Protein chains: 2
Amino acid sequence: MKSSEAAKAFSALAHETRLAVFRLLVQQGASGVPAGVFAEKIGIVPSTMSHHLALLERASLVRSWRIQRQIFYAADYEGTRRLLDFLTEDCCHGHPEICGGLHGMLEGCQSG
Amino acid sequence: MKSSEAAKAFSALAHETRLAVFRLLVQQGASGVPAGVFAEKIGIVPSTMSHHLALLERASLVRSWRIQRQIFYAADYEGTRRLLDFLTEDCCHGHPEICGGLHGMLEGCQSG
DNA sequence: TTCATATTTCGGAAATAATCAAATTATCAA
DNA sequence: TTGATAATTTGATTATTTCCGAAATATGAA
């Protein structure tokens, strides 16, 4: 993962609304949530919400698919894992044994 | 952890220079690095670097201490763990068994 | 085709962040 | 105290982000 990609991803999480959306999606699992549900739930106009979701998706933190007229969003666990691995890579100066369990988190999460 | 705190922390990581600094500190472990080393290593003026380090520290991602005339910085593993736990809390809709190893990462890292 | 629904794209004003130079603070040595 | 070194704070300028409304796109129903 490139440093610029990672910075973009953190930038996507650096906003209360987007962070709330992402956390909801992490908790939701693979079933996903339609875009409009967030707009209503969080009380934000659809265009702004769309902008936020697009940002999260470009950062590989969420993924989306269409079902009829709705676009469903779900957390991208694989992308999230890559990001967190990048952040904590080679923790503690090449002594991973003192950072046990740091890598490989999110493995096994239902994802796409 | 409050959502606003977490957003601030991600904002601190949403910058290539700060991300590079943080990753270096994560790899460095508890021994820490003097502020000036970064300024030189990354090719940025000391005042800007100081600003970046202060931002990371306010976000509980790094901590610092003075040794004589130098101020050393190290990753704050405990703060980092809190942030990542917040991000991935209740992963997969209350079924943590499918996100095994997600929480408690960074436990055991040398920190302050 | 025509209308309604769901979402995205565009445009531009307001708020926020990044940068560097200059001045300031803190420490130590002579 | 004076001078040198290490880092921070302040201040001004420039760049980026955020927000919403309006218009556009995509899908499905009548």
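The model shown is predicted, which means the values in this text are computed figures rather than measured ones. A, B, ... follow the sequence lines: proteins, then strands. Residue 1 opens every chain.
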For the side chain of A:Arg69, counting heavy atoms from C-beta on, which of C:dA4, D:dC19, C:dT19 is nearest? C:dA4
If only atom types and distance count, is the side chain of A:Glu57 paired as donor or acceptor with the main-chain N or O of A:Ser64 below 3.5 Å? yes
Tell me whether A:Arg23 contacts the main-chain N or O of B:Asp90 through its side chain, where contact means a donor paired with an acceptor under 3.5 Å. no
Heavy atoms under 4.0 Å, any strand shown: does A:Tyr73 hit a base, just sugar-phosphate, or nothing? sugar-phosphate
Let me know the distance between CD of A:Glu16 and C1' of D:dC19, rounded to the nearest Å. 15 Å
Whole-Å gap separating P (D:dT9) and CG (B:Leu53): 11 Å
Is a side-chain N or O of A:Thr88 found less than 3.5 angstrom from the main chain of A:Leu84, in a donor-acceptor match? yes
Out of D:dT5, D:dT18, D:dT8, minimum distance to the side chain of A:Arg18 belongs to D:dT18
In whole Å, what is the span from the CD1 atom of B:Ile67 to the P atom of C:dA26? 19 Å
Rounding to a whole Å, what distance do you find between A:His52:NE2 and C:dT8:P? 12 Å
Measure from NE2 on B:His51 to C1' on D:dA12 and round the result to the nearest Å. 14 Å
Atom pair distance, as rounded to whole Å: CH2 in A:Trp65 and P in C:dT7: 13 Å
Minimum-distance nucleotide (side-chain atoms of B:Leu55 versus C:dA18, D:dA6, C:dT19): C:dA18
Atom NZ of A:Lys8 and atom P of D:dT17: how far apart are they, to the nearest Å? 8 Å
To the nearest angstrom, how far is A:Gln68 atom CD from C:dA4 atom P? 19 Å
Plane angle bin for B:His15 and B:His52 - parallel if under 30°, tilted between 30 and 60°, otherwise perpendicular: tilted
Pairwise 5' ranking along DNA chain D for B:Ile71 and A:Ile44, keeping only the more 5' one: B:Ile71
Answer yes or no: does a side-chain N or O of A:Ser47 lie under 4.0 Å from OP1 or OP2 of D:dG21? no
For the side chain of B:Arg66, counting heavy atoms from C-beta on, which of D:dT8, C:dA26, C:dC28 is nearest? C:dA26
Closest of C:dT8, D:dT18, C:dA6 to the A:Ser50 side chain is C:dT8
Answer yes or no: is there a donor N or O on one side and an acceptor on the other, between the side chain of A:Ser11 and the main chain of A:Ala7, under 3.5 Å? no
